[in-house]
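I have placed the structure first, in the form of structure tokens, so that the comments after it can refer back to it.
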Amino acid sequence: MIDKITEILNNVNNFVFKKENNAASFRLLYLSKKGVITELLNEFKTIPNNEKKLVGAQLNILKQKVEEIYQHQTELEEKTNQSKNKHKDSTLPVYQEGPGSYHPLRIVEDRLLDIFFSLGFDLAEGPEIEDDKHNFSFLNFTKDHPARDMQDTFFIAEHVLRTHTSSVQIREMEKGKLPLRLVMPGRVYRNEAVSARSNCFFHQIEGLYIDKGVSFADLKQTLYYFVQQFFGEGTKVRFRSSYFPFTEPSAEMDIWAGLETEENRRLTKGTGWLEVLGCGMVHPNVLDACNINSLEYKGFAFGMGIDRITMLKYGINDIRDLFLNDKRLLFQFSGV
Ligand code: DAH
């Protein structure tokens with residue numbers, strides 16, 4: 001029986017796999033109920049006990065080998081099948097995806113910008129990689145000013161990823177052309193822990209109006225008009241005094257969302273008011289830094305987060321959903 005086993009082991013080792021001699025036929029031949037191994041096991045029962053130890057050991061070696069080869073070949077065939085399926089028929093027409101759709105952030109940004117365009121504001125943009133001067137110091141954040149901590153900053157060697165679009169105000173004021181009436185959209189970055197409520201990048205629209213005789217009343221009226229247009233006629237607004245280094249006085253503007261629904265109570269932390277933007281009269285130090293005579297010219301500025309407004313408008317609860325590009329979300333905006 002030893003000789004027989006040795007011969008079979010030899011055959012097994014020299015088994016050539018081909019299209020018709022595949023893993024399945026190998027299994028049939030060796031490992032099935034009527035296969036060679038079963039046959040040998042039956043024969044093993046009949047041999048004298050003193051031979052069993054030696055023959056048994058040989059038989060085990062054979063069985064292990066057969067199983068190993070079968071396993072290996074099966075995996076190989078699975079892999080080739082997969083890659084074959086991948087390249088199945090390259091002449092087939094591509095899967096029809098249908099037309100794309102605007103991203104909800106784009107829809108909201110366009111709408112917001114349109115409202116300010118209708119008031120005579122123009123568009124301006126600036127770089128996302130900024131220097132300290134434009135992101136901080138010309139905005140009246142003096143060196144070591146504690147307000148720099150309000151915005152956790154990503155540094156790249158001597159530069160920063162802009163923490164707000166207010167940097168574009170400086171770039172435009174430096175150009176020396178007055179009056180200025182601009183909206184400045186763009187992506188901003190903060191070194192914050194990512195969560196459902198905050199991401200390490202998001203989007204803002206900055207507004208700036210500089211001319212002779214611009215007043216806080218102009219600021220309020222502009223923002224009041226914007227709120228009625230965007231959130232609907234009759235939306236209640238309130239201004240709370242606040243602090244930003246680059247505006248004086250500074251304010252934050254809230255809109256009344258109400259306390260009727262559980263959702264509203266959650267979003268407004270039980271107050272009914274939703275914070276929408278920061279604003280104020282441009283600080284004379286900022287004008288002076290940009291070579292604008294602060295005795296002659298006045299200005300107002302405001303900045304709002306597009307992502308938060310988008311989440312509010314469409315009931316999106318997790319800011320990260322805006323950046324997954326999951327088509328199940330995006331396609332809900334086709335045709336909007
Ligand atoms: N840059 C501020 C921020 O990101 C927002 C802001 C507040 C912008 C007041 C302004 C402003 O233009 O006047 O937190």
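Counting starts at 1 for both ligands and their atoms, following the listed order.
For the pair N11 and Y30, the minimum side-chain heavy-atom distance is below 4.5 Å.
By the ring-ring contact (aromatic ring centres under 6.0 Å, His included) test, F138 pairs with no residue at all, sequence neighbours left out.
With a 6.0 Å cutoff to the six-membered ring centre and a 45° limit on the axis angle, K313 counts as a cation-pi contact of F230.
Using bins of under 30°, 30° to 60° and over 60° for the plane-to-plane angle, the ring pair Y70/F26 lands in the parallel bin.
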Between ligand 1 and the protein, find all N/O pairs closer than 3.5 Å and give the distance for each.
unit_1, atom_1, unit_2, atom_2, d
ligand 1, 1 (N), H164, ND1, 3.0
ligand 1, 1 (N), S166, OG, 3.0
ligand 1, 4 (O), R190, NH2, 2.9
ligand 1, 4 (O), Q204, NE2, 2.9
ligand 1, 12 (O), Q169, NE2, 3.2
ligand 1, 12 (O), E206, OE2, 2.6
ligand 1, 12 (O), F302, N, 3.3
ligand 1, 12 (O), F302, O, 3.3
ligand 1, 13 (O), A301, O, 3.2

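Remark: side-chain polar atoms of E77 are paired, donor with acceptor, to backbone N or O of A23 under 3.5 angstrom.
Counting only N and O atoms by type, the side chains of H164 and Q151 include a donor and acceptor under 3.5 Å apart.
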